[in-house]
Amino acid sequence: MRKLSGVARVGWLGVALGGAVALGVVGLQRGEPVNALWLVVATGFVYAIGYRFHSAWLMATVLMIDESRETPAIRHADGRDFVKTNRWVVFGHHFAAIAGPGPLVGPVLAAQFGYLPGLLWILIGAVLGGAVHDSIILWLSVRRGGKSVGQMLRDEVGPTAGTIAVIGLLGILTMLMAVLALVVVRALAESPWGLSTIVLTMPLALVMGLGLRGAGGVRTGWVTGLGVLALVGCVWAGKWVSDVPTLARMFTWDGPTLAWSIMGYGLMASILPIWLLLAPRDYLSSFLKIGTVAALAVVVAILAPQLQMPALTQFIDGSGPVFAGPVFPFCFITIACSAVSGFHCLVASGTTPKLLASEGDIRVVGYGAMITEMCVGVLALVAACAMPPGEYFAINLRGEPAAVVQQITALGFPVSEKQMADLARSVGESTLIGRTGGAPTFAVGMAQIFAKSLGIVGGGAMAFWYHFAIMFEALFILTTIDAGTRIGRFLVQEVLGWLWKPLGQVNSWVGSGLGSLLFVGGWGWFLYQGVIDPQGGINSLWPIFGVANQLLAVMALSLATTVLLKMGKGKLVWVTLAPLGWLVVVTFSAGWMKIFSPDPRLGFLAGYDQALAAGHGKLAMAQATNAVITGFFLVLVVLVLGACGRIAWRRWRGLSIPPVTEERVA
């Protein structure tokens, strides 16, 4: 780390004190609303200090980054999966891949506890947990030829742990892809604006990929500039399409058609060379994502809206109407991608390590993308908490309008049917009551903030920004689907390689094609069942995703801790051991409660008994399936933890352990 001058020290001390003051106001002010500007200021200072000092220390002391060392993109270059890529293109791909629905939806749902628990978890978890998790897994994979977490566990811990990990990774990722795709189907099924915009980005990405190919970075600037202008044109064209009846009908697709189309896109993104479609589309999408989020931050800073949700609500005891469960552990499960997310380890050991041109880029890509996502999560929390609480809860509670507003008002958050009807009319919807899942809530909050910034709440401004936000959220999720499908293909090929080694080679067209078909077929089947049976199927698996996602992080941090011990870095192992210990407590507490809680709203087995007694056989089967799958994932992770613990024990006792398996470079 470079030593600071006297002036720089004073400046950074001012930043630290400013952040402390902002957090103090947010955490301690009671009795009157808190201005959202304090949250933005606190987040900005945490971002600056974390990236300037914590990331520099992590790279220099723990990872000991070697910029002269060749990366897999250079050593194994094949023009398809291993491609040396400009760091900002890789940043765009990585950020777009990890920033799916999580940083938008998770904080919105957790807002039922109040703004304070979610804010503190996002800021602390992202810097000390998520950024460490993402950076170390990316570094481990780069040092091991771009291998996945499952492969690295197999090499560093043993074949049993690796096999168990790959099975768990595949199971969790299959369901995750299916549910994310289902969210996209629901978002775009009645949105010709959103669908036409996203369709137009496909050929644009292909043109950009061809323009950037083989340029050695020379054309990156002007190709990016033209691409961003064309992206803005796609958004404008989508709005124009929605206003032309003939074109609007052409881009109004039903659920099954959209499902098959998303499967086809996932298959293409998995098989085609990464530089041709996936990387440039994710890079392009990141401009819309970051640009919109930055605009939201600027507007919040200018308007400085008051947070209408209290710091803590009465629902921290688990009685919340949005979802069941107390603030511990469910705040830390609901908010994942903005703080710590296991899905990130799949990207950090999947597509991204095969693109990095230098180990030095790990700081920008691994650490930088994670804390950028932290900012997205805080702004989503602001959008939800700046709304009138009655509207927030009414949007997220199913039922007849009269019964919903009566229940919410009785809970102490007044709202009326007329108020909700006027809100729905202002965004061009027939109703907003019962629009659960978090995405519509974020869209309404974002629309209200942007419309107020223009001083025009009526006259179609709210409707414009609401539908823009829905398209924006669908774009967020779709970039996770394409990267996730390619990562799933790598995992399937690992398994195929156990059966016949040539199929496991990522540069094999036969292996990659077969792996892609099998993986897309897996999540595509669940997706289609969810589309044709919207009351069951994959929807019933939503409650376990938070637990499953954080269990992935537990496996990844177990690997990182084991490797640091094997490398003789025992004095630094607390860097991964602290977030690992926290996540073990959180995920296993949540998993136990989800299975065995006597509250039917929370516990799967209690829900099974209740549904069975009421004669709802299909719902009972869904609850039983949830319990079995959650228990299965918990057992798999216990086995991986045990295998890693065995390595640590043997090292402490001075017994033989598997050697460190870094690739040797000339």
Side-chain angles (χ1 to χ4, degrees), residues 1-30 34-63 65 91 95 103 107 114-136 290 293-294 296-298 300-302 304-305 307 311-312 331-332 335 338-340 360 362-382 385 571-572 574-579 582:
M1 290 177 60
R2 189 176 71 248
K3 289 186 177 181
L4 297 175
S5 66
V7 175
R9 289 181 182 182
V10 172
W12 282 109
L13 179 61
V15 170
L17 290 175
V21 169
L23 285 172
V25 171
V26 169
L28 300 177
Q29 185 166 325
R30 295 291 184 272
V34 170
N35 196 297
L37 184 58
W38 288 111
L39 277 69
V40 174
V41 170
T43 303
F45 285 164
V46 169
Y47 184 107
I49 293 172
Y51 189 79
R52 172 60 183 86
F53 296 102
H54 184 242
S55 72
W57 175 83
L58 183 68
M59 301 299 139
T61 306
V62 181
L63 307 187
I65 294 297
F91 175 89
F95 174 75
Y115 64 79
L116 188 58
L119 175 69
L120 294 179
W121 169 232
I122 290 171
L123 296 182
I124 297 171
V127 174
L128 299 182
V132 170
H133 167 277
D134 294 12
S135 299
I136 289 187
I290 296 175
V293 170
L296 182 59
V298 170
V300 168
I302 294 173
L307 298 182
L312 295 171
C331 177
F332 313 103
I335 299 177
S338 304
V340 183
I362 291 175
R363 184 182 182 189
V364 172
V365 175
Y367 198 104
M370 178 62 242
I371 60 174
T372 300
E373 190 176 8
M374 170 189 78
C375 299
V376 177
V378 171
L379 289 169
L381 185 67
V382 167
C385 293
K571 292 183 179 180
L572 297 171
W574 61 269
V575 173
T576 55
L577 196 57
W582 172 255

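Of all the heavy atoms in V340 and G130, the pair that sits closest is CG2-N, 3.4 Å.
Side-chain contact between V132 and H54 is present, with at least one heavy-atom pair separated by less than 4.5 Å. Counting heavy atoms from C-beta on, the side chains of V300 and P305 come closer than 4.5 Å. Counting heavy atoms from C-beta on, the side chains of M370 and S135 never come closer than 4.5 Å.
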inquiry  = As a quick check of understanding, evaluate side-chain contact (heavy atoms from CB on, under 4.5 Å) for V21 and W38, giving each step before the final call.
reply    = CA-CA 9 Å; V21 169; W38 288 111; 4.3 Å; yes

ask   = Yes or no on side-chain contact (heavy atoms from CB on, under 4.5 Å) for W57 and V62, after CA distance, side-chain angles and deciding distance?
value = CA-CA 7 Å; W57 175 83; V62 181; 3.7 Å; yes

query = Passes side-chain contact (heavy atoms from CB on, under 4.5 Å), Y367 versus I136? Steps please.
reply = CA-CA 9 Å; Y367 198 104; I136 289 187; over 6 Å; no

Intermediate values then yes/no, side-chain contact (heavy atoms from CB on, under 4.5 Å), V26 and L39 = CA-CA 7 Å; V26 169; L39 277 69; 3.6 Å; yes

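Atoms CG and CD1, on L58 and I65 in that order, are 8.0 Å from each other to the nearest 0.5 Å. Atom-to-atom distance recorded for L116:CG and C331:SG is 9.5 Å, nearest 0.5 angstrom. Taking CD1 from I362 and OG from S55, the interatomic distance works out to 12.0 Å, rounded to the nearest 0.5 Å. How far CD1 of I122 is from CE of M374: 9.0 Å, rounded to the nearest 0.5 Å. Separating the CH2 atom in W12 from the CD1 atom in I49 is a distance of 7.0 Å, to the nearest 0.5 Å. In this structure, L307 CG and L37 CG are separated by 10.5 Å, a value rounded to the nearest 0.5 Å.
A cation-pi contact links R363 to Y51, judged by a cut-off of 6.0 Å to the six-membered ring centre and 45° from its axis.
Partner Y47 forms a side-chain contact (heavy atoms from CB on, under 4.5 Å) with one of V127, V378, L123, T372 and no other, that one being T372.
Ring geometry, W582 versus F332: the interplanar angle exceeds 60°, so the pair is classed perpendicular (tilted spans 30 to 60°).
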